Amino acid sequence: MSLDAVSAAELIAWYAEMGVTEALDETPHDHFAAAPEPARQPVARPQVAAQQARRPVAVATATPPDEAALSARALAREATTLDALKTALASFEGCPLKATAKNLVFADGNPAAKVMFVGEAPGADEDRIGLPFVGRSGQLLDRMLAAIGLNRQEHVYIANLLPWRPPGNRTPTPQEVAICLPFIQRQIELVDPDILVCIGGPSAQGLLGVSGILASRGRWMEYDTGKRMIRAIATLHPAYLLRQPLQKRLAWRDLRVLKAALDAL
Ligand code: URA
């Protein structure tokens with residue numbers, strides 16, 4: 001490979017790492033250039049305008065967030081198994097993130113596990129593969145689990161607050177969270193774990209109603225699954241730990257607290 005090809009490959013890998021995964025256009029645009037004059041619309045003759053007004057217009061409107069959240073709640077409630085919930089999510093058109101995501105990322109791990117982890121939303125790798133936490137932060141999560149003797153195939157069930165990737169890995173908006181919340185709440189109810197672990201701030205805020213992950217992590221809270229009250233704890237997101245490795249000592253404390261609770265079950 002020539003040096004240029006190597007640098008180009010490195011540049012593309014860096015873009016992917018930064019979350020830039022969509023090529024928007026092939027030619028550069030000068031966005032500072034003066035905008036062209038809008039083309040003048042011909043004045044419609046009165047009877048043509050009247051005909052046009054009668055014709056139904058096909059406009060692609062997004063479902064208003066409140067309506068989408070209501071329909072999500074109804075769909076989630078109807079699902080009585082995890083498979084039915086996944087099918088319901090796959091047919092749900094109320095969340096705009098679905099349009100830009102490649103895959104629905106539903107869950108991984110053992111649905112009979114005693115502990116359920118809920119992250120924020122899929123990243124680029126998860127979106128491509130269709131499974132949660134398979135990228136760099138997922139690999140760190142696996143190592144964190146292994147440190148307390150757990151593996152994802154046997155001991156844990158993993159999902160996300162949102163099942164579709166926000167473009168460029170941006171933080172989900174409050175509307176997107178509100179729309180998708182009934183699905184993850186139902187997923188937790190159906191899995192019925194003994195312990196819920198919220199990974200990162202948005203998950204802790206969405207499911208436990210706490211803000212400020214550094215202040216709320218590492219202490220036991222209660223979560224109502226709809227069937228029963230279970231123990232819940234928030235911890236730091238592995239993506240954050242990759243950027244702030246010194247904070248791993250806090251995550252390690254949380255893991256030890258989790259391990260003690262699991263041993264006591
Ligand atoms: N970050 C998350 O919160 N979830 C994933 O699945 C991957 C990265």
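Keep in mind it's a predicted model, so treat the numbers as computed, not measured. Both counts, for ligands and for their atoms, begin at 1 and track the order of listing. Computed over heavy atoms, backbone and side chain alike; hydrogens, waters and symmetry mates excluded.
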Test side-chain contact (heavy atoms from CB on, under 4.5 Å) applied to Gln205 - qualifying residues, sequence neighbours left out:
Ser211
Heavy atoms only, cut-off 4.0 Å: how does Ala121 contact ligand 1, side chain, backbone, both, or neither?
backbone
Tell me whether Asp125 is salt-bridged to Arg128, with the criterion being a basic N under 4.0 Å from an acidic carboxylate O.
yes
Heavy atoms only, cut-off 4.0 Å: how does Glu120 contact ligand 1, side chain, backbone, both, or neither?
both
Do any heavy atoms of Gly135 fall under 4.0 Å from ligand 1?
no
For atom 4 (N) of ligand 1, closest protein heavy-atom neighbour
Asn160 OD1, 2.9 Å
For Pro132, the ligand 1 atoms with a heavy-atom partner under 4.0 Å come out as 6 (O)
I'd like to know if Asp142 pairs up with Arg152 as an ion pair, taking the criterion as any Lys NZ or Arg NE/NH1/NH2 lying under 4.0 Å from an Asp or Glu carboxylate oxygen.
yes
What do the steps show when you test Asp254 against Arg219 for salt bridge (charged side-chain N to carboxylate O under 4.0 Å, His left out), and what is the final call?
CA-CA 8 Å; Asp254 303 343; Arg219 57 184 168 86; over 6 Å; no
Here the atoms of ligand 1 under 4.0 Å from any heavy atom belonging to Gly119 are 3 (O)
Show which atoms of ligand 1 fall inside a sub-4.0 Å distance from at least one heavy-atom site of His237.
1 (N), 2 (C), 3 (O)
Scan Thr235, Asp263, Leu145, Ile148 and name whichever one has a side chain to side chain contact (heavy atoms under 4.5 Å, CB included) with Leu258.
Ile148
When you measure from the heavy atoms of Ser137 to every atom of ligand 1, does any distance fall below 4.0 Å?
yes
side-chain contact (heavy atoms from CB on, under 4.5 Å) partners for Ala72, two or more places apart
Phe92, Pro182, Phe183
